[in-house]
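Remarks on the structure that follows.
Read the numbers this way: they start at 1 and go in the same order the structure lists the ligands and their atoms. By convention here, the first residue in the shown sequence is residue 1.
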Amino acid sequence: RAKAEGRRCYHFYTPEMDSALRDRLELDQSMRRALEQGEFFLVYQPRVDLASGRTLSLEALVRWRHPEQGLISPGRFIPLAEETGFILSLGPEVLRQACRQIRQWKASGLEGIPVAVNLSAREFRQPDIFQRIMEILEETGVTPADVEIEITESAAMACIEDTIRIITQLNDRGLRISIDDFGTAYSSLNYLKRLPVHAVKIDQSFVADLQEDPAAHPEDAAIIRAIIGLGETLGLQVIAEGVENTVQRDFLTAHGCYTGQGFLFSRPLEAGAILEYLGGRRGS
Ligand code: C2E
Ligand code: MG
Ligand code: MG
Ligand code: MG
C-alpha cells in the first residue's frame, strides 16, 4: 500500500508537469523583460481613520501592466517571483518607485502621509536588507519617517533573532514597521513583544467573514477582538484589512480598532488619483 502511494507521488515527468514548468519559466522570463520595459507600477490604498474616513497613511501595491494581457495583479506573479528569486530585483524597484512618489507628493504639498511598502520573506532574509533599504532611501532623498515596511507575520516569525535585529535597526533609523496578515501564522506572543513594530494588520480573511452578521462567525469575531486586545496591551496600532461594508467597520470601531483599509473607503488608486481622493476628502 505504502508502495502504491509512494509511486503515485512520482508525477514529475508527465506532459502536464512539463507544460506547467514551461509556463512558469515563461512567466519568469517575461517578468524579467517586463522589469526592463518598465511595466511594473504602484497603486496606493488609503488607510483611514475608520470613524471619520480621514486618510492616515497609504499602502503601495504593485501592478503589472502587460502589453497583451493587460493589468496583472500581484497574486499571479509575486509567489513565483519569490520562488525564482526575481523578487530580489522587483523589490528594490518597488521601494524606489514608492520613494520617488513620496518626493513628488511632498513637492505638491502632500505631507505627513507615510507610505507602506510590502517586503517579501525572501527579500527580508537577505543578510544586508537593512543597508539595501537605507541605500534606496538615501538615493531618493526620502525621510525614513515617511516610509513604513510591511512584513508578513510568517516571514517575521520564521527566523526570529534575525527579525529582531533587522527591525530594531530599521526602527532606530525612524522607519515604521508593521506586521501584515496578522493572525494567520500562530506566532508566539512572546516574540511579538520583542519586536519594535508600530502596527499589526488584521488579516482580511477574519474581516471578510463578518460580512453580514458578526454573531454568525463567533471565531472570527473572537480572533479580531483578541488581536485588538493584544495591540492595546503592547501599544501597537491595529489596522484592519479588507473593510468592505459598514457592518465590518462598525464592529471594528465598537471593539477598539480605529484604523482600516478596504473598498468601503477606496480601492488602491494610481498616484494621480490619490491626490484627487485626498483633495476631495480634505474639503469635506
Ligand atoms: P497584502 O499586502 O495583504 O495586501 C492586501 C490586498 O488586499 C491587496 O491585494 C489589496 O488590493 C486587497 N484589498 C484591499 N482592500 C480590499 C477589500 O476591501 N476587499 C478585498 N477583498 N481585498 C482588498 P493585491 O494588491 O492584489 O495584493 C495581494 C498581495 O500581494 C498583498 O497582500 C501582498 O502580499 C502582495 N503584494 C502586493 N504588492 C506587493 C509588493 O510590492 N511587494 C511584495 N513583496 N508583495 C506585494
Ligand atoms: Mg500589505
Ligand atoms: Mg495583508
Ligand atoms: Mg493579505
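- Put simply, the angle at the Mg ion (ligand 2) from OE1 in Glu150 to OD1 in Asn118 is close to 90°, to the nearest 10°.
- Interface atoms of ligand 1 facing Val94, defined by a heavy-atom separation under 4.0 Å, are 41 (O).
- Between the Asp128 side chain and the Gln131 main chain, no donor and acceptor come within less than 3.5 Å of each other.
- Close contacts of ligand 1 with Gln45, meaning ligand atoms under 4.0 Å from a residue heavy atom, involve 14 (C), 15 (N).
- With distances taken over non-hydrogen atoms, the option nearest atom 16 (C) of ligand 1 out of Phe124, Phe77, Phe263 is Phe263.
- At least one heavy atom of Gly242 sits closer than 4.0 Å to an atom of ligand 1.
- Residue Asp180 approaches ligand 1 through these ligand atoms, each under 4.0 Å from one of its heavy atoms: 1 (P), 2 (O), 3 (O).
- Taking 4.0 Å as the cut-off between side-chain N and carboxylate O, Glu150 and Arg47 count as a salt-bridged pair.
- The Pro268 neighbourhood of ligand 1 comprises atoms 11 (O), with distances under 4.0 Å to a heavy atom of that residue.
- Within the 4.0 Å heavy-atom criterion, both parts of Val62, backbone and side chain, lie near ligand 1.
- Distances shorter than 4.0 angstrom occur between a heavy atom of Glu241 and an atom of ligand 1.
- A side-chain donor-acceptor contact under 3.5 Å links His198 to the backbone of Ile177.
- Looking at Asp181 against ligand 1, only its side chain comes within 4.0 Å, counting heavy atoms.
- Salt-bridge check for Arg33 with Glu26: failed, with every basic side-chain N at 4.0 Å or more from each acidic carboxylate O.
- Contacts with ligand 1 closer than 4.0 Å are made by no heavy atom of Lys201, backbone or side chain.
- Taking every non-hydrogen atom of Glu59 and a distance limit under 4.0 Å, the qualifying atoms of ligand 1 come out as 2 (O), 4 (O).
- Listed by number with element, the atoms of ligand 1 under 4.0 Å from a non-hydrogen atom of Ser120 are 44 (N).
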Derivation and outcome, side-chain contact (heavy atoms from CB on, under 4.5 Å), residues Met31 and Trp64: CA-CA 9 Å; Met31 284 194 291; Trp64 177 1; 3.5 Å; yes

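- Checking each of Glu241, Glu153, Glu148 against Lys201 for a salt bridge (charged side-chain N to carboxylate O under 4.0 Å, His left out) leaves exactly one that passes, namely Glu241.
- Asn118 places a side-chain N or O within 3.5 Å of a backbone atom of Ala60 that can act as its donor or acceptor partner.
- Nearest N, O or S atom of Asp181 to the Mg ion (ligand 3): atom OD1.
- Annotation for ligand 1: atoms under 4.0 Å from non-hydrogen atoms of Gly262 are 15 (N), 18 (O).
- Note on Glu83 versus Arg122: no salt bridge recorded, every NZ/NE/NH1/NH2 to OD/OE distance being 4.0 Å or above.
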Test Asp28 against Thr84 for side-chain hydrogen bond (donor to acceptor under 3.5 Å, both in side chains), laying out the working first. CA-CA 7 Å; Asp28 185 59; Thr84 64; 2.9 Å; yes

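- Using modelled atom types, one finds no donor on one side chain facing an acceptor on the other under 3.5 Å when comparing Gln97 with Gln101.
- Rounded to 10°, the angle formed at the Mg ion (ligand 2) by OE2 of Glu59 and OD2 of Asp180 is 180°.
- Distances from the Mg ion (ligand 3) to each N, O or S atom of Glu241 single out OE2 as the nearest.
- Aromatic pair Phe40/Phe77: centroids less than 6.0 angstrom apart.
- Atoms of ligand 1 found under 4.0 Å from any heavy atom of Glu244 (numbered from 1 in listed order, with element): 17 (C), 18 (O), 19 (N), 20 (C), 21 (N).
- With a 4.0 Å cut-off on non-hydrogen atoms, Asn118 touches ligand 1 through its backbone as well as its side chain.
- Side-chain contact between Phe263 and Gln45: present, with at least one pair of heavy atoms (C-beta onward) separated by less than 4.5 Å.
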